[in-house]
> 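Have a look at the structure that comes next, please.
Chain letters run A, B, ... following the sequence lines, proteins first and then strands; every chain starts at 1.
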Amino acid sequence: MAARIPPLTPEQFAELGRELDALRRELVADLGEPDAAYLRRVVAAQQRFEALGRALLWAGWFPPAWVAGTAALSVSKILDNMEIGHNVMHGQYDWMGDPKLNSKMFEWDTVCPSEQWRHTHNYVHHTYTNIIGKDRDIGYGLLRMVDAQYWRPYYLGNPVYAFLLMVFFEWGVMLHDLELDRLMTGRRSWASTKALRRRMWEKSGRQALKDYVLFPLLSGPGALATLTGNAVANLVRNLWAFSIIFCGHFPEGVADFTQEECENETRGQWYYRQLLGSSNITGGKLFHVLTGNLSFQIEHHLFPDIPARRYQEIAPRVREICQRYGLRYNTGPLGRQIGSVWRKIFRLALPPRPVGRSELSAIPKAA
Amino acid sequence: MEQSRAVPVKEFGEVAGVANSGLVRAAVRRVLESPIVTGLTAPHGVDRYLGMVNPLWSVREIRAVVVRVAHHTPDTVTLTLRPNANWTGARAGQHVRLTVAVGGVLRTRFFSVASAEGSADVEITAKVNRAVSRHLKEHARPGMVVTLSPAEGEFVLPDVLPARLLLISGGSGITPVMSILRTLTARAHDSRITFLHYAFTPRDVVYADELAAIAAADSRVTLRIAYTEAPGAGALDGLFRREHLAGADHAAALTYVCGPAPLMDAVADLWAADGLAGRLLAERFVPVTVPSADAVGEVRFRRSGVRAANDGRSLLEQAEAAGLSPEYGCRMGVCHTCTTVKADGAVRNTLTGAVSAEPGERVQLCVTTACGDVELDI
């Protein structure tokens, strides 16, 4: 059940906006050489993992080489998609002036064309975060992820759809911009998606050609080992990305919002919604790198275009701000957050239980 | 004060252990640009992987390694660059755009090529005034890798040399003129060349020794140096004036001028007064100026050819008001959907207040205003 937190006063909203704007300015003023050097190091590491993985899979008939090669390629794809791709395409490193690391020019190692992802993610999801009916990342038009989504018998399959989405996550991300649910119900015409579909064919065709045809052929007699290694690396990346991303907005206790609540929102109210609509994952340094620092989803949603390596350093201050305003800072270890997500996926597969009179009055009135 | 180190430029041809001939290179390039290699290296492209092996390797980009750093005068630095094989050479007098990372940010500046036409290395001399040149003065070392554009510019010699040439330069404006002088000295011709150079004091002349050597060895060259702050130290004193042209026969000569704006203006005025404007070639590097007043100048939309007076609103609103429809999303600086190449001009980010005038930088239209004339790639 979405937690309804009593809203702040207009003065508090204004003050919250000012505080977070000041924090943002402080971060922007401090960006420089160490941030650029960090990203270049991550890119260099990703390239080495990729080269290592491809080379080891060449000897993939030898089981330890297959395992090591597949692992290296998985890490390469995870780094490419998360700490590099996701963050670069947010414009976090646009200030470096490097066309190869620019939000508009970057293309990532997944089947989803970068410009379509930028639309659904940077614009739709990050602007309208957790607003029911506007943020299409709530359930991706496929799942029931908040109580406020009206239950239909279709949602009995919620856990199955979620499982399939997890396994085929890169394909799900690619199809996201088509808005299949709206196509099925006739609210969007197939003809209007022609250009989108052409780009999806191009990009996914190129990805499939590379991982499932060219590299296997290059391995000669070891083609099958390379093919399976590449497929497993893509799968590992899918499982990981799905799990991290679902922990960002779907654990229990994360707030969702109605469109009426968010009309004529001030800067402070926008920050408030980002704070309450996101959740973090605790972990070590390497863990955060592998999540693309999306384990600091709250900080990321406050400042989506600030280099993600900075989220860790500001997290204590954001937490302190939350405490002062009485706002929940939702965080926990991966096991607990992902467990909470899956419990929710199962719970919301079933229709809401009839609510008794006494329970109704216990829910604070929505803002 | 000079540092140098032999830095061999390895080209792809050498990888296979074959002599680095143009033919091998062309074949290797054809393979690297083939659909198969493109498919294998998608989506990042082959250059990203070539760079792992050698930072100079690129299929198309011109990358160059610094092989020599010289500090001829206190406020200049002279770099000798050895470009990879994508460099197709510069004509005497042309300039390049040099891109180098300063504090993690790639910055691009124009530099005239000072080396002679046809030389394998590219020499530039940077006058230290802003961040990029200061960075080069303090941090350039042999082995540093930079990116270059192909040579550009019309400040070049005609195909048929005239009987008389007059070269005028001031301060670090000597570089393109030096390239012309070096090229002409090495070539067989019977044109007479007068080189008139302006500097504050004798220690501010970048190529002093070489100039003296050329003047002594080449009877076709007459060298006259004017010191503006060291009376009596050279043949001439003070700022440019008509008397300095004595013996140069400027009316008959084809003249090249490069230097600070007051020198260039004075020369242009005199040539115009004498009805010789068509016989003067000028290379002008306008320093980047950032006007403080808002809402002045003109916003130009390069691709659509539309222009509008800057009204101080965000560039996104101004583009829309001008009838254009650039892509946009959040309109609050979050999503970077409206990010566009700003070809020219100074702009202010309304979120940070930061003003920047980097040519070719990408800006978020919804949170950017123009400070004076701005050109956008829409």
Side-chain angles (χ1 to χ4, degrees), chain A residues 21 24-25 28-29 31-40 43-44 47-48 50-51 54 80 89-110 114 118-119 121-128 203 206-207 209-210 213-215 218 267 270 303-305, chain B residues 34-45 47-53 55 58 61 99-108 132 135 139 147 327-342 349-354 356 358-367 377:
Chain A
D21 274 345
R24 183 196 153 81
R25 274 194 300 275
V28 170
L31 295 181
E33 178 72 40
D35 301 278
Y38 171 79
L39 182 66
R40 292 193 189 284
V43 170
Q47 287 176 336
R48 286 195 194 106
E50 186 179 0
R54 303 277 186 206
D80 179 279
M89 291 195 299
H90 258 296
Q92 293 182 0
Y93 296 94
D94 279 6
W95 54 271
M96 283 170 65
D98 187 340
K100 295 178 201 80
L101 298 170
N102 179 272
S103 58
K104 284 263 166 141
M105 322 275 279
F106 194 84
E107 189 56 84
W108 53 355
D109 187 8
T110 112
S114 62
R118 285 198 306 267
H119 171 74
H121 183 85
N122 286 11
Y123 168 50
V124 180
H125 169 58
H126 272 273
T127 310
Y128 303 115
K203 179 74 197 292
R206 229 172 287 149
Q207 288 292 116
L209 181 73
K210 172 178 74 162
V213 180
L214 291 179
F215 274 108
L218 211 59
R267 187 96 180 144
W270 185 83
F303 311 120
D305 62 351
Chain B
S34 67
I36 289 182
V37 173
T38 306
L40 288 169
T41 55
H44 299 306
D47 266 7
R48 205 186 199 229
Y49 301 92
L50 287 178
M52 284 171 75
V53 185
S58 169
E61 259 185 41
T99 303
V100 63
V102 181
V105 181
L106 289 188
R107 301 224 177 259
T108 300
V132 175
H135 177 83
H139 300 289
T147 306
E327 248 192 293
Y328 69 87
C330 66
R331 303 186 82 98
M332 59 190 286
V334 170
C335 75
H336 290 251
T337 304
C338 62
T339 297
T340 296
V341 172
K342 180 216 69 190
N349 181 312
T350 54
L351 289 183
T352 62
S356 80
E358 194 71 17
E361 71 182 328
R362 291 175 172 78
V363 298
Q364 292 172 271
L365 296 181
C366 67
V367 289
D377 189 31

> Relative to chain B, which of A/R206, A/M89, A/E50 shows the most heavy atom pairs under 4.5 Å?
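Heavy-atom pair counts peak at A/E50.
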
> Only pairs of heavy atoms separated by less than 4.5 Å count here; which of A/M96, A/R24, A/H119 has the most with chain B?
A/M96

> Output the option from A/L209, A/N102, A/V28 having the highest count of non-hydrogen pairs under 4.5 Å with chain B.
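Greatest number of close heavy-atom pairs with chain B: A/N102.
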
> Pick from A/E107, A/R48, A/R40: which one has the most heavy-atom pairs with chain B under 4.5 Å?
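Looking at each of A/E107, A/R48, A/R40 in turn, A/E107 comes out on top.
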
> Is it the backbone or the side chain of A/D98 that comes under 4.5 Å from a heavy atom of chain B, or both, or neither?
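Looking at A/D98, backbone and side chain both touch chain B.
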
> What's the separation between atom CZ in A/F106 and atom NE2 in B/H44, rounded to the nearest 0.5 Å?
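With rounding to 0.5 Å, CZ (A/F106) is 4.5 Å from NE2 (B/H44).
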
> Please flag which part of B/R48 lies under 4.5 Å from any non-hydrogen atom of chain A: side chain, backbone, both or neither.
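Both parts, backbone and side chain.
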
> Using a distance-only test with no angle check, is there a side-chain donor-acceptor pair under 3.5 angstrom linking B/E327 and B/T337?
no

> If you look at every heavy atom in A/W95 and A/A36, which pair is closest and at what distance?
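So the two residues come closest at CH2-N, 4.0 Å.
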
> For the candidates B/D47, B/V334, B/T38, B/V102, which exhibits the highest count of non-hydrogen atom pairs separated by less than 4.5 Å from chain A?
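Among the listed options, the one with the most contacts to chain A is B/V334.
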
> Please check if the number of heavy atoms outside B/Y328 that lie under 6.0 Å from its OH is greater than 12.
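Not more than 12 within 6.0 Å, no.
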
> Chain B heavy atoms under 4.5 Å from A/W270: which part of the residue, side chain, backbone, both or neither?
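Contact with chain B: side chain only.
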
> Between the side chain of B/E361 and the main-chain N/O of B/K342, is any donor-acceptor distance below 3.5 Å?
no

> Sort out for me which of B/E358, B/M332, B/R107 touches chain A most, counting heavy-atom pairs under 4.5 Å.
B/M332

> Looking at A/H90, A/R118, A/R25, which has the largest count of heavy-atom pairs under 4.5 Å with chain B?
A/H90

> Less than 4.5 Å apart, side chain to side chain, heavy atoms only: is that true for B/P43 and A/Q207?
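Yes - at least one pair of side-chain heavy atoms lies under 4.5 Å apart.
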
> Of the listed residues (A/D21, A/L218, A/D80), which shares the most heavy-atom pairs with chain B below a 4.5 Å separation?
A/D80

> Can we say B/R362 and B/D377 salt-bridge, meaning some charged N sits less than 4.0 Å from an Asp/Glu carboxylate O?
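Salt bridge absent between B/R362 and B/D377.
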
> About how many Å separate OG1 of B/T339 and CE of A/M105, when rounded to the nearest 0.5 Å?
11.5 Å

